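Remember, it's a predicted structure, so these values are computed and weren't measured experimentally. Each chain gets a letter, A, B and so on, in the order the sequences are listed, and its residues count up from 1.
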There are 2 protein chains.
Amino acid sequence: MQRDKKMKKDLSTEQKIKDAARKVFMTKGFSGCTTREIAKSVGINVALLNYYFRSKGKLFELILEAALSDFIEAMVEVFSMDLSLEDKTRMLIDKEFEFLRKHPELPLFIHAGLNQESDNDFDQSNFLGRLHQTGIFEQCEKAQEEGKMRKVNMINVTLLFMSNCHFPIMSKKLICGIYQMNESQHEERLNEHQEIVKEMLINYLFPNTFKNA
Amino acid sequence: MQRDKKMKKDLSTEQKIKDAARKVFMTKGFSGCTTREIAKSVGINVALLNYYFRSKGKLFELILEAALSDFIEAMVEVFSMDLSLEDKTRMLIDKEFEFLRKHPELPLFIHAGLNQESDNDFDQSNFLGRLHQTGIFEQCEKAQEEGKMRKVNMINVTLLFMSNCHFPIMSKKLICGIYQMNESQHEERLNEHQEIVKEMLINYLFPNTFKNA
DNA sequence: ACTTATTTTAAACAATTGTTTAAAAAGCAT
DNA sequence: ATGCTTTTTAAACAATTGTTTAAAATAAGT
């Protein structure tokens with residue numbers, strides 16, 4: 001009678017395992033760490049890990065799904081606001097940079113994690129549906145018909161946002177390595193980049209509002 | 001007397017190992033594969049792998065370094081051409097997309113690989129120096145002083161290019177997962193994105209040459 | 001042909017892996 | 001306290017890991 005039957009306990013152990021697993025998986029990846037490492041960082045026995053979650057793989061899938069959900073939810077939050085598309089653009093980029101500064105390992109973890117998994121059916125959380133519910137697609141479609149927004153496929157719009165927000169964060173080591181920068185120098189570049197991306201994307205997606213550089 | 005003493009042999013075994021290691025490391029990452037897996041894919045014994053290269057780690061570093069060099073070299077090639085900055089921009093993006101379509105695992109491999117390593121001193125190949133030799137920095141500086149190019153730090157310029165070329169490739173699984181796309185649909189988005197990125201970056205970096213959308 | 005150096009292999013090494021088993025400890029109702 | 005369930009542990013499992021050793025096969029030099 002594993003869990004699932006009665007769940008009255010304090011939940012703290014299960015949650016502590018998840019937290020530790022998240023931290024370890026994030027920084028080292030699935031095959032880059034061991035179950036014992038995770039257990040040790042919680043202060044529990046290895047067997048307890050398989051007691052709560054059935055296997056290392058199952059635990060990983062859980063963490064990965066949660067990570068995906070986290071960052072889709074950040075988009076949903078902004079899209080649900082009552083703002084113009086230009087303001088949503090600015091807001092999304094700012095929120096994304098802010099969020100990713102706190103969780104810089106997240107993008108790389110997600111992409112590497114998805115590549116590790118064999119099946120790509122992460123439709124369980126219905127991310128597309130959650131995005132649709134915000135009405136962002138209709139808002140864009142309307143703006144595009146009115147000539148206020150450049151007619152670009154929404155998938156490409158998504159790519160533009162994600163490319164310019166996620167990549168600068170995940171490429172930290174590469175960029176610092178090439179340009180021989182330290183942490184604070186990179187931070188400075190990142191801050192400037194945040195403004196660059198905002199201006200560039202708004203200029204490109206809403207060309208009528210800005211006619212000058 | 002390992003290697004290094006006399007190297008007259010045909011080299012094919014050593015190269016075959018490198019090729020196989022590159023392929024396996026690329027798709028599965030350092031800790032995602034085993035030395036036996038690599039050896040098997042070459043058709044040799046495991047010990048031979050440690051005979052040519054001293055350890056799994058050493059072999060990995062070699063592959064990673066070569067991968068980094070490969071993609072810096074692609075940039076160097078374009079920067080060395082006798083073209084205007086606008087043309088170099090277009091050329092670089094096209095070459096980058098073309099190159100990455102052939103090696104889609106490369107960016108993720110590099111970023112994940114750099115995170116796995118403890119020391120980030122990959123200055124051995126002197127990437128920055130190679131970039132400087134092309135004269136691209138002077139060309140940009142001159143254009144910026146003449147008001148033909150937006151005054152943006154070269155590190156940010158690098159980030160803009162890499163973000164918009166690398167990320168669309170490495171995010172394939174994520175984007176396909178969210179938007180429920182198959183291979184060919186994704187390919188279509190990618191082709192369109194290539195044009196989008198070209199126009200967007202040129203509009204942003206060289207605002208004088210294009211005043212309209 | 002003989003000697004020497006290089007390349008390749010089979011086998012073993014000790015350490016670590018994810019997972020399971022069986023028993024102990026802790027909680028909880030009665 | 002007594003039973004029962006849930007939580008936690010220690011120990012063991014078989015499989016796999018990277019690496020090494022010692023011997024065999026091949027090539028090269030004379």
**Q** Examine the side chains of Gln15(B) and Asp19(B) and answer whether a donor and an acceptor come within less than 3.5 Å of each other.
**A** yes

**Q** Testing the 3.5 Å rule here: is there a donor-acceptor pair between the side chains of Asp94(B) and Gln194(B)?
**A**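 Yes, because at least one side-chain N or O of Asp94(B) sits under 3.5 Å from a partner of the opposite role on Gln194(B).
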
**Q** Enumerate the ring pair (Phe, Tyr, Trp, His ring centres under 6.0 Å) contacts for residues 151-173 of chain A, please, sequence neighbours excluded, ordered by first and then second residue.
**A**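 Found Phe71(A)-His166(A), His166(A)-Phe167(B), Phe167(A)-His111(B), Phe167(A)-His166(B).
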
**Q** Does Thr13(A) have a side-chain nitrogen or oxygen under 4.0 Å from the phosphate oxygens OP1 or OP2 of dT8(D)?
**A**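 For dT8(D), OP1/OP2 do have a side-chain N/O of Thr13(A) under 4.0 Å.
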
**Q** Anything under 3.5 Å between a donor and an acceptor, one on a side chain of residues 175-182 of chain A, the other on a protein residue two or more places apart or in another chain? List them.
**A**
{"from": "Tyr179(A)", "atom 1": "OH", "to": "Thr158(B)", "atom 2": "OG1", "distance (Å)": "2.6"}
{"from": "Gln180(A)", "atom 1": "NE2", "to": "Asp123(B)", "atom 2": "OD1", "distance (Å)": "3.1"}
{"from": "Gln180(A)", "atom 1": "NE2", "to": "Asp123(B)", "atom 2": "OD2", "distance (Å)": "3.1"}
{"from": "Asn182(A)", "atom 1": "OD1", "to": "Ser184(A)", "atom 2": "N", "distance (Å)": "3.2"}
{"from": "Asn182(A)", "atom 1": "OD1", "to": "Ser184(A)", "atom 2": "OG", "distance (Å)": "3.2"}
{"from": "Asn182(A)", "atom 1": "OD1", "to": "Gln185(A)", "atom 2": "N", "distance (Å)": "2.9"}

**Q** Can you pull every protein N or O that's under 3.5 Å from an N or O on nucleotides 17-20 of chain C?
**A**
{"from": "dG18(C)", "atom 1": "OP1", "to": "Cys33(A)", "atom 2": "O", "distance (Å)": "3.4"}
{"from": "dG18(C)", "atom 1": "OP1", "to": "Lys56(A)", "atom 2": "NZ", "distance (Å)": "2.7"}
{"from": "dG18(C)", "atom 1": "OP2", "to": "Thr35(A)", "atom 2": "N", "distance (Å)": "3.0"}
{"from": "dG18(C)", "atom 1": "OP2", "to": "Thr35(A)", "atom 2": "OG1", "distance (Å)": "3.1"}
{"from": "dG18(C)", "atom 1": "N7", "to": "Arg36(A)", "atom 2": "NH1", "distance (Å)": "2.8"}
{"from": "dG18(C)", "atom 1": "O6", "to": "Arg36(A)", "atom 2": "NH2", "distance (Å)": "3.0"}
{"from": "dT19(C)", "atom 1": "OP2", "to": "Lys56(A)", "atom 2": "N", "distance (Å)": "2.7"}
{"from": "dT19(C)", "atom 1": "O4", "to": "Arg36(A)", "atom 2": "NH2", "distance (Å)": "3.4"}

**Q** Ile44(B) CD1 to dA10(C) P: how many Å, rounded?
**A** 11 Å

**Q** Enumerate all atom pairs, one protein N or O and one N or O from nucleotides 23-26 of chain D, separated by less than 3.5 Å.
**A**
none

**Q** In whole angstrom, give the distance that lies between atom NZ of Lys40(B) and atom C1' of dT16(D).
**A** 13 Å

**Q** Do Phe60(A) and Phe109(A) have ring centres separated by under 6.0 Å?
**A** yes

**Q** Take the protein atom CG of Leu49(B) and the nucleotide atom P of dT9(C), then report the distance between them rounded to whole Å.
**A**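 Whole-Å distance recorded here is 12 Å.
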
**Q** Just checking, any donor-acceptor pair under 3.5 angstrom between side chains of Arg150(B) and Asn203(B)?
**A** no

**Q** Which residues satisfy the side-chain hydrogen bond (donor to acceptor under 3.5 Å, both in side chains) test with Glu73(B), sequence neighbours excluded?
**A** Arg130(B)

**Q** Does the side chain of Asn45(A) pick up a donor-acceptor pair with the side chain of Arg36(A) at under 3.5 Å?
**A** no

**Q** Could you write out each protein N or O paired with an N or O of nucleotides 24-27 of chain C at a distance under 3.5 Å?
**A**
none

**Q** Give a yes or no on whether the backbone of Phe127(A) and the side-chain of Ser125(A) come within a donor-acceptor separation of less than 3.5 Å.
**A**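 No: the side chain of Ser125(A) does not pair with the backbone of Phe127(A).
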
**Q** Looking only at side-chain N and O atoms, does Asn164(A) offer a donor or acceptor that is under 3.5 Å from a partner on Asn164(B)?
**A** yes

**Q** Which whole-number value in Å describes the distance from Leu48(A) CG to dT6(D) P?
**A**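 Value for this atom pair: 15 Å.
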
**Q** Would Lys56(B) and Phe30(B) count as a cation-pi pair here, with the cationic atom under 6.0 angstrom from the ring centre and within 45° of the axis?
**A**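 Yes.
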
